[in-house]
Amino acid sequence: MASDSTPMPDYLKDRIAGALIRSALVDARAITVTATDSRVVLTGTVRSRAERQEVEQVAWSAPGVTQVENRVTVRP
């Protein structure tokens, strides 16, 4: 069970997904966020390396994230 200082996986997933939706650089519909404990896995496609980096940066910015696995692929 998570302590009060460690966000639950659903909270992390929702927070990251919301931040991606607010980002003007990324099409959030093309990204899937999965969270287990404080580990986040990102999958999907983006149009550029900059978008891929933005997706990862957004995930790292969520409180409590300790690991991000970026499986997002670039498809122009």
Side-chain angles (χ1 to χ4, degrees):
M1 186 174 204
S3 69
D4 289 340
S5 63
T6 305
M8 299 299 287
D10 287 341
Y11 171 80
L12 284 177
K13 178 183 165 196
D14 293 345
R15 183 149 179 144
I16 294 166
L20 288 171
I21 289 168
R22 290 187 298 276
S23 173
L25 298 177
V26 177
D27 180 4
R29 296 171 298 178
I31 304 299
T32 300
V33 179
T34 306
T36 304
D37 297 324
S38 60
R39 179 177 178 259
V40 174
V41 177
L42 305 166
T43 56
T45 59
V46 292
R47 296 173 301 242
S48 69
R49 284 181 153 185
E51 284 185 33
R52 186 177 189 275
Q53 289 174 329
E54 175 69 11
V55 169
E56 185 170 340
Q57 184 176 12
V58 166
W60 275 115
S61 70
V65 171
T66 60
Q67 183 180 2
V68 174
E69 186 175 338
N70 190 347
R71 297 181 187 170
V72 174
T73 57
V74 177
R75 294 213 175 130

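Under the 4.5 Å side-chain criterion, counting only non-hydrogen atoms from C-beta, Val74 is not in contact with Thr45.
Under the 3.5 Å distance criterion, the side-chain polar atoms of Ser61 are matched with a main-chain donor or acceptor of Val58. Counting only distance, with no hydrogens or angles, the side chain of Thr36 and the backbone of Arg39 share no donor-acceptor pair below 3.5 Å.
The structure places CD1 of Ile31 at 13.5 Å from CZ of Arg71, a figure rounded to the nearest 0.5 Å. The distance from the CD atom of Glu51 to the CG atom of Asp27 is 7.5 Å, given to the nearest 0.5 Å. Between the CG atom of Leu20 and the CD atom of Glu54 there is a distance of 8.0 Å, given to the nearest 0.5 Å. In this structure, CG on Leu42 lies 12.0 Å from OG1 on Thr73, to the nearest 0.5 angstrom.
In the hydrophobic clustering of ILVMFWY residues, with side-chain heavy atoms under 4.5 Å counting as a link, Trp60 and Val41 come out apart.
The two atoms that bring Arg52 and Val46 nearest to each other are N-CG2, 3.7 Å, heavy atoms only. Here the shortest heavy-atom pairing between Ser38 and Gly64 reads CB-O, 3.0 Å. Between Ala59 and Val65, the shortest heavy-atom contact is O-CG2, 3.4 Å. Residues Leu12 and Pro63 come closest through the heavy atom pair CD2-O, 3.2 Å.
Each of Thr43, Val68, Val26 was checked for a side-chain contact (heavy atoms from CB on, under 4.5 Å) with Val55, and the lone residue meeting it is Val26.
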